[in-house]
Each structure stands twice: as structure tokens, then as C-alpha cells.
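Letters A, B, ... mirror the listed sequences (proteins, then strands); counts begin at 1.
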Amino acid sequence: MSILSKDYKNTLNLPQTDFPMKANLSQREPEILKFWEERKIYDRIQEKNQGKTPYILHDGPPYANERIHIGHALNKILKDIIVKYKSMKGFYSPFVPGWDCHGLPIEHQVDKKLELEGIKDKVDILEKRKHCKDYAETFVDIQKHDFWRLGVFGDWKIPYLTMSSRYVAYIVREFTHFVKEGYVYRKRKPVHWCPSCVTALAEAEVEYADKESPSIYVKFRVESIPEGKEILFDEFPRIEHYFVAWTTTPWTLVANLALCLHPAYSYHLVKVNIGQGRYEIYIIVGKLLDVCMKEFGFKSCRDKDVPDVGEYQVIATWGGEILEGIMCKHPFIDRKSKVILGDFVTVGEGTGIVHIAPGHGEDDYEIGLKYGLDIYAPVDDRGRFTKEAGELEGQFVFKANAKIIEILKNKNSLIKEERFIHSYPHCWRCKKPVIFRATEQWFISIEHNGLRKRCLEEIDRVNWIPRWGRDRIYGMVLNRPDWCISRQRAWGVPITLIKCDSCSGFIKEEEVFEGIIKSFEEKDADIWFIKSVDEFLPSGYKCKKCGGNSFSKEMDILDVWFDSGISHAAVIGIDKRLNWPADIYLEGSDQHRGWFQSSLLTAVGTKGKAPYKTVLTHGFVVDGQGKKMSKSLGNVVAPQEVIKSDGAEILRLWVSAKDYRDDIRISKEILERLTEAYRKIRNTCRFLLGNLYDFDYRDYSYALLEIDSKIDRWAMSRLQTLIETVTSAYENFNFHEVFHALYNFCVVDMSSFYLDVLKDRLYTFKPGSMERRVTQWVLYQILSTMTRLMAPVLSFTAEEVWQNIKQRAKSKEQREEDIEDSVFLASFPEVDEKYYDQELEKKWDDLFVLRSEVNKALEIKRAEKFLGNSLEAKVILYPPERYNALLSEYRDFLPAFFIVSAVEITDQSPDASYKSREIEGFEVKVEKASGAKCQRCWNWSESVGRFKEAPEICERCYEVISG
RNA sequence: GGGCCUAUAGCUCAGUUGGUUAGAGCGCACCCCUGAUAAGGGUGAGGUGAUUGGUUCGACUCCAAUUAGGCCCA
């Protein structure tokens, strides 16, 4: 007989662990990052899966300026979750991150810097490119660190950069392909042009913002009417007839070549009395007559034969179609303006008569081509009128508006002038209003070789998630114009074409192209600006067409969307480890127009196939109210801040908890909730670890059935359900289901039930008893499984737990070789059918309803101060008959199940019992448990006091201690 | 202005092909425990399903419009 201590606490097996409750993530994470780094975990994952089925997620390159924002974090974490999951599933899934390095924003920053230093005009293009390169490199490093800090695994040492020599050589190679196949052409076309940045802008580079512009109504005097149509204008030429056009860009009138009417609308001839016995006739679309006349200050003359001064009278109405071909006089230039027809004319505002300047508008251009009009644009690249514009030469177009209005007034061509605020295109960088201006540009034809049609067909072969992504990109590709690929800037990949100075033809010889590509590979794109044109040509080269021997290099650069668009070729296309096409692209939904599309166009153009099998899009990060983040609203959440205060893990949890298909909200409250959820998961792991402190890490699976521990079998079954749910969630990219399943498992199944019930067994049983060991084995299964299930999301914590398990197991000198060095080297859990027991779980659903009712009965007694701890209670159940079998099967387990000291079942309805509402006929009576409280296990028992050596403990405890 | 999308408790999410009183967890309130303790347990109160119409015997679920928000484009 041992000497019994009064301090029974020492005889208990209470949990022990050095796994801290407080995560201190912002400090612990860097240690874990260091661990991954030092142990080369990412590389070892790749080694381990080498030769297995590949699963390639191709990274869309973020732009290398600024620090990463929350959207970047969202995107990379989502990618990381997929890559880690696939890797643990045994797929070969290396992740090669990339950066988009060229383009205007960086050049802009460099320009600003050079301007500050006062040397902007002194640096040549090579020097400027050097500055740009340095700038990009700086931010690649910064962003790389930011991404790495999020716990994202990847080839951070060998990312792809669109400015690397190898990459630019591929850009040229792919571009050359388009040239050789005849896609590339050059033409004058109005493009968005920023006069401040002196460049053409892609559609993606244009932002719409409110701008105040003049709004003017201009008269175009009818000069001649086509033969046979004279009858339309009875009064002509006794009274002057005017087509009235409305515009908010007076300066484009300088390039006016036509007036456009809608063929199907009717137009009124309106006779107005302008005083002193003079009349004029205005032509205006019928639907806007009232509005316009009010604007102009004329009143209807009603039934009078002739309008008085300030009055108007409709004298005829004609369909737009019939007015085609009438010639007007330009209001202030000696030129004619032809009346033409177009469907794009609307009657939303204006006069239903659109002034057409084919060199300064998209619709104008299209209709101009149709009517064979000149694509006329007398404006230079800084937005100043050229000498073609006569007296306006040298004036900045927006400033010239006032002067033009003045001229119109003097020429009696202006009916009305006012200010007008409307949505107007602005440059995305300098935020200044842009103009439409016809310039020589390079294009990739979207119709050539049926490119559009082939792209549309490919779109239907891709798996778009969410499904509406298909409709979105389909509509965009269906309607998009040819791809303008030229930019008049310095920081980019040059359009490597060489022009013959005498015949203006471009050299398209394989030999020349290959030479250029080779020199790009050796140096980088700078070589185009370093070498003279002759150095790219064989010595003594003569133009094949005209025999000329003087050549010049094209100095435009390529649209950056072309750079990133060919990443499939430059990255996954050449890396032997990777597969083409990629299994998945994953970006924000804005990339339907951007990268998804440029990638599709280039891939279909050069390889005839989409570069991706699946395209997953996520929404945008918005604030707690669902509003977009902006500096002006002050609702921006910076990932660096969250990492600092809460840890990257919380950010990762946030990404996984939200359904990313929609907009993703982030707010202080959301982060607080997630931090709490994190703590719960962490504590559940900690408790599991604590109770494994003395586990021997032997396999007790055989004993699970042997000792028929139903609650452990239930737990194992629940665990299989969890594996199934989580796996299917990962497979379907429903990461928020991963979070919810894991979290609910921790809270509902584990913390509030299984672990709570288990405490008695874990703490009070003999350490080495079979019951306790089996339970510990189950706890170990649960912990190990949960850790692996959460690893793709909660990477830091999973690793921390894993290392803790490993350490413990090692100290037991058992199974050491079975526990991998990192959780990411372990395999993803698989459902083990042997533990899957649906029938058992169903039975337990019934038991849980009973338990919930017992709890209600206990709670009532607690409120009455009849009891505190539920172990003080004995419950008497009066169940409906259908529960009899179940209750008798589980008879011995019931006290533990309810965490009370005794359970009695009666067939007599007890007095003063709690009557269940959930289960009709079920009654629960709560009484004080008989006997006394055992000072060791805290259960109440009549056996307490029976043992002289230890009068304060119960029989069960006595046996444990004395045996 | 056009295209695509979203709208369920304070928060994050479930709700099978339209069919009883719309579920879960968190948070909140109250209580218990003090052997997971800057933890743990219990009970409870929270929803005119954005609004309005329509289809239907019946709508959170289908349709339309409106409102709010997001992305893309003009």
C-alpha cells in the first residue's frame, strides 16, 4: 500500500505542454519562416514529388511597383493554399512566381525622380531604362519579401521577370511569330492619347472621372443638296438651313469632316424668328426638339402662321435616311462637312446630330472608314494643334476650346454655350484628361486567321470558376477591337522591326529575326537601343523590295499586356519541370479583360490553344460596408499592418474563411472574429498536445474495437467525416468550407463535447490503462489529421504543432521515422473506411438531443443555485419508450456523457421534473448526487469515506492510486 | 449609359430539384467552473430572407423592376 498524498492533484494525469496558449504570431512566424528556409522544406517537397503527376498553377505577375496591398495578399494566399494542398496530395506542383516589370507606372516614377533631380532632359533612353530597371528590381525584392512573409511557398530565388534577358527574348520570339503569320499591321487610328505623358494609352490605362467641359450647340449651314432632294427643303435658299450639332469637345471641330444622323430617326425642320424680320431653319432630331428649343430660348408659335420673334415653328419632318449626302459648310474653316448616317447616334442628349472627326473619336473613325473620310488629326503628340490648323497652331487643344467658341460666336455659328460636367477619360497615371487622336500604331489583327473565332472556341474548352467568368470573357473577346500593341515610351520591349528608308517596307526575314532574338538573349532589350540598325542586319544587306540600303529601327515599344500575355510561353512553355497548358490560372476578376485575355490571344495565336485548363477568379477586397478601398475614404487595410498586429496567419485565415468568388470584406471586427476563431483552433490543438504528454505513440487501433469504446469510435468516425468534407472542399476550391468544417469540428465536436467528456478518463485513470491509451491514440489521430488538414491554410500553426508532436514522439523513441520533418512533407489525410460508421453517428445524433435536454434541466437548477458544477448532480431520466433500447445500450456511459455523477432511468414520471419541449414525453429530474465529492476525481460517490487511508476519495480513485 | 456579378441574424457561412416553426459557429446577455485558466462549460435573446411586384395551391429558392455594392467597358 502506497502512502497517499493529500494533494490528490499530483496523482492526476493533467495535461502538460510547452505549446503556448498565446500565439504571438508576429514574433513566432519569422522563426517558422526561418525553419522552412533552413530545412529547405519547399525544395524537399519538390524533390519528394518529382516524377509524380504535375499540377501547375501559373502565377500571374503583379506589377513591380509599390508595396503589396491586401488584394495581392489575397491572391497569393489563395494560390498558396492550392499549391500546398496539391503538393500534400502528392502532385508535383512547383510554384514559380513572376513580376511584370515594364510599363508606364514605373517610367512615371522614374520621370518624377529625374525631374526632381533636374536631369530629366539630360538622360538618354539607355540611362532612363537603367533607372527603370533599378526601380523594378527594388520593388521585386520588396514584394518578394512581402509575399514570402505571408508564408507563401515558391521558387523565390528564381522567379520570372518580364525584363530578364531570357524573358524579353521570348517576348520578341512570340511577337515575331505574330509578324510572320501576318497578324501585325500598322495603321492610323485614333487612340486614347495622353498629351501629358506623350503616349498612346491602352484601354486599361484609361480611367473615367468627372470633368467640366464646354457644352456647345453649333450650326452647320447647308451649302448644297444632292440632286433630286431639293424638294426636301422648300424654303432653301430663301432662308438659311442649319444642321445643329452638339459637342463637349469644341476643339475637335477643327477636324470635323461630317455630320452624322441616325437613319431611323425623324428630324424636324424648325423655322425660328431671330428678330429683325430674319428667320433661320434648324434641323434637329424630333425627340429632342422640345428640350433643345427650351435650351435655345425659343417658344413654340403654336397655331400662328408665322413665328414671332423668339418663337419657332416646325415646318417639315424628314427621316434621317433621306437627308444623307447633303453638304454643309464647316462653321469656321473653308471645308465641307457631309451629312452621313450611323446607328450609334443616340437621343439621350444633344440634337441627334453628331459632329464627326474621324481622327478624334472611336465611332467617328469607324464611320469615317465606311464613308472613305480622311482620318484627319491636326494635333501633335503634346496635344497642340499643328500648322494644318491655321491660326490655332501651337495651342493646346483644351485651351483652344475658348478660342474656338469665340470664333464660332463671331461667325454666328454658335447657338448656345454652357458648362457641362460629364464622365470623361483620364490618364491612369497622371490623372489628366486624355484626347482621342489618330496616330500610326501597330496592331495585332483579331480577325486574321480567324483568331477571334478560335479564341471563342477555346474559351468554351476552359473550366471557368465561377461559371459566369465564361460569359464575361466571351462577350469581351467577341466585341473587342484589334489589339493596339504599340506604345511611344522608353520602358518596355521594343517592337523589333526594321524599316527600309526608301520604300518604307519592313524586313521580315527569319535570319534577321533570329539574330535579334539572340542578341536579346545575350544582353537584354537594351541592345535594341545600343546597337545601330546595321548591326542587326547581315553586312551589305539590301532591301529585298527596292534594293535600298538605308534602314531604321522601329522605336515604339510593346504594350505590357503583350509582355505578361506570353508568360505561358516564356515560363511554363520552356521550363521542363512545368506543363503546358497550365492546370490553373488564378487572378482577380478584372483579369478577364487583362491577363486572361492577353494570354489567351497570344496562346491561341501561336499555339492554337488556351494556355490554361481552369481559370479561377476572385473578387475584390472591400471594407466592412462593402465599399471599395480608397485612400480618400481612409478605409484601406494594409497587409503589413495586419501582419504586424495580428500575424500573417490571421490574414491566411481571413482568406480561407471568406467566399472569394464575391467581393471580400475586411474590417476590424472581421479580423477580431477571426483572431478569436484562431485562438479556439489553437487552443484545441494545445489541449490535444497537452494530453499526449505521456503518450507512447504506439498503435492502439486494434484496441479501439476490442474495448468497445463507443465515444472514441464516434470521434474517429467524425474525424473521417471531417477529412471527407475538407478534402472535397479543397478539391472544389471552396476554401471557406475548409475553415468552417475545421472550426466547427474544434468547437462543437471536440471542445464542447468530446474533449470535455474525456477529461475524467484522461486525468483520473491509470496513465497506462488501456482505456486511456486508446483515447490518447485517438487524440493523436485527431491532432495529426487536423494539423495536416489545416496546413495549406494555417501553415504557420500547423508547422508549429507538427514540430511539437515530432519532438514529443522523438522523446518517446517511438515511431520517430514515421513523423516527417515538416507537416508539408507529410501526406494529406485520407478517409479510412474502417473508422467510418454512419450508423453509429446517427445513433449519437439521438443521444445529443437527450444531452441537450439534460443540459437545459441542469441549467435551470444552476439558475436556482441548487448546483454549480454538473458533477454535483444526479439526473433521473423519464424517457419515451422509443429511447429505451438506446439508453440501455449506453447505460454505463451516461454519467460520463452528461458529465454528472449519476444517472437513473425511471418508468414513473418524477415530480418537479423538467419537461422537454424538443422530445415529447421526455422528462428530466435533477437531484443532488448522493454520497460525497471525491477530492481526486470530483465525482460524487457513496464510496467516498470507505477507505481509512484515504477517506476523501472514491473507490475508483482508490484503486487507481493504490494499485 | 452598357455587360457580368452580389445581397440570408452584429460577423463569417449553411440551406438538396420551390413544400412544415430559415440552420451553424462566433459575437452579445446571463450563469457555472477554476484540474485547457489572458482558458473551459451551459442557457438565452437576435432574421418583414435588400425593397416592390409577378408566376404558383405554396417562393429565401423561379421571373421582372427598384435600391445598394463590386468588377469591366463607354
Side-chain angles (χ1 to χ4, degrees), chain A residues 8-10 12-17 19 21-22 203-204 206 208 344 346 348-349 362-363 422-425 466-476 478-480 588-594 597 617-628 653-654 656-659 661-665 667-674 676-677 679-680 682-691 734 736-737 739-741 743-748 751-753 755-757 759-760 762-764 851-852 854-865 867-872 899 936-938:
Chain A
Y8 297 107
K9 193 166 168 176
N10 291 338
L12 294 171
N13 321 302
L14 294 177
Q16 296 172 22
T17 178
F19 186 86
M21 181 177 281
K22 195 163 188 295
E203 282 151 76
V206 172
Y208 284 77
F344 62 86
T346 62
E349 49 200 349
E362 184 80 58
D363 289 332
H422 60 151
S423 173
Y424 189 86
R467 294 181 80 108
W468 50 258
R470 180 264 173 206
D471 296 339
R472 193 158 188 210
I473 193 166
Y474 195 94
M476 285 173 174
L478 187 66
N479 295 313
R480 70 159 293 152
S589 60
D590 56 334
Q591 298 303 331
H592 285 114
R593 170 151 293 265
Q597 203 177 129
T617 50
H618 55 78
F620 276 66
V621 182
V622 293
D623 72 8
Q625 262 66 255
K627 294 260 167 66
K628 109 159 85 176
L653 196 61
W654 165 72
S656 84
K658 306 277 301 188
D659 186 348
R661 296 166 184 83
D662 199 0
D663 296 324
I664 304 111
R665 294 185 182 205
S667 68
K668 207 175 156 220
E669 183 186 0
I670 290 169
L671 287 171
E672 272 168 15
R673 285 300 91 80
L674 286 165
E676 276 155 15
R679 275 204 287 267
K680 188 75 188 189
R682 183 181 178 87
N683 257 319
T684 304
C685 292
R686 178 172 182 269
F687 185 74
L688 291 168
L689 278 169
N691 281 292
N734 293 333
H736 64 284
E737 284 176 21
F739 165 75
H740 278 275
Y743 184 60
N744 278 332
F745 182 76
C746 283
V747 174
V748 183
S751 191
S752 82
F753 172 65
L755 300 180
D756 205 27
V757 166
K759 283 174 195 166
D760 183 72
L762 287 166
Y763 299 172
T764 68
R851 188 170 191 262
S852 149
V854 168
N855 274 335
K856 280 178 201 168
L858 289 169
E859 186 61 24
I860 290 166
K861 290 291 168 191
R862 218 174 343 246
E864 290 170 6
K865 304 286 173 200
L867 56 85
N869 191 321
S870 58
L871 284 174
E872 292 163 26
I899 318 187
R936 183 169 176 275
C937 72
W938 292 352

Does A:R686 place a side-chain N or O at less than 4.0 Å from the phosphate oxygens OP1/OP2 of B:U37? yes
Would you tell me if any nitrogen or oxygen in the side chain of A:S589 comes within less than 4.0 Å of OP1 or OP2 on B:G70? no
At 4.0 Å (heavy atoms only), tell me whether A:G626 reaches a base, stays on the sugar-phosphate, or touches nothing. sugar-phosphate
Side chain of A:M21 only, please: which of B:G69, B:C11, B:A38 is the nearest? B:A38
Could you tell me whether the side chain of A:F739 reaches within less than 4.5 Å of the side chain of A:K658, counting heavy atoms only? no
Below the 4.0 Å mark, does B:A36 have OP1 or OP2 next to a side-chain nitrogen or oxygen of A:Y763? yes
Does A:K658 place a side-chain N or O at less than 4.0 Å from the phosphate oxygens OP1/OP2 of B:C11? no
So which nucleotide from B:A39, B:G41, B:G35 ends up closest to the side chain of A:L12? B:G35
Judged by modelled atom types alone, do A:R661 and A:N734 share a side-chain donor-acceptor pair under 3.5 Å? yes
If B:G58 has a Watson-Crick or G-U wobble mate with both distances under 3.5 Å, name it; if not, just say none. none
Is A:K628 near enough to B:C71 that one of its side-chain N or O atoms lies under 4.0 angstrom from OP1 or OP2? yes
Any idea which of B:U37, B:G41, B:G69 is nearest the A:S752 side chain? B:G41
Would you mind classifying the nucleic acid contact of A:S667 as base, sugar-phosphate or nothing, using non-hydrogen atoms under 4.0 angstrom? nothing
A:N855 CG to B:C31 C1', straight-line distance once rounded to whole Å: 13 Å
Starting from C1' on B:G27, measure out to CD on A:E669 and report it in whole angstrom. 7 Å
Indicate yes or no: at least one non-hydrogen side-chain atom of A:T617 is less than 4.5 angstrom from one of A:Q591. no
Between A:H740 and B:C26, is there a contact of a side-chain N or O with OP1 or OP2 at under 4.0 Å? no
Does a nitrogen or oxygen in the side chain of A:K680 sit under 4.0 Å from OP1 or OP2 of B:G41? yes
Can you find an N or O donor on one side and an acceptor on the other, under 3.5 Å apart, linking the side chain of A:T17 with the base of B:A36? no
Touch class at under 4.0 angstrom, heavy-atom based, for A:N691 against every strand present: nothing
Spacing of the P atoms in B:A39 and B:G35 (rounded, Å): 16 Å
Sugar-phosphate, base or nothing in reach of A:K865, heavy atoms under 4.0 Å: sugar-phosphate
Answer whether the closest heavy-atom distance between the side chains of A:L755 and A:L688 falls below 4.5 Å. yes
Checking only heavy atoms, does the side chain of A:R472 share a donor-acceptor pair with the base of B:C71 at less than 3.5 Å? yes
Which atom pair, heavy atoms only, marks the closest approach of A:I664 to A:G619? CD1-O, 3.5 Å
Glycosidic conformation of B:G46, syn or anti, with 90° from 0 as the boundary? syn
Checking all strands, does A:R936 fall into the base, sugar-phosphate, or nothing category for heavy-atom contacts under 4.0 angstrom? base
Say we look at B:C62 and B:G69: how far apart would their C1' atoms be, to the nearest angstrom? 24 Å
When A:R661 and A:M476 are each assigned the nearest nucleotide of RNA chain B, the 5'-most assignment goes to A:R661
Under 5.5 Å between ring centres and under 30° between planes: does that hold for A:W938 against the base of B:G35? yes
Hey, does the side chain of A:K9 come within less than 4.0 Å of B:G35's phosphate (OP1/OP2), counting only N and O? yes
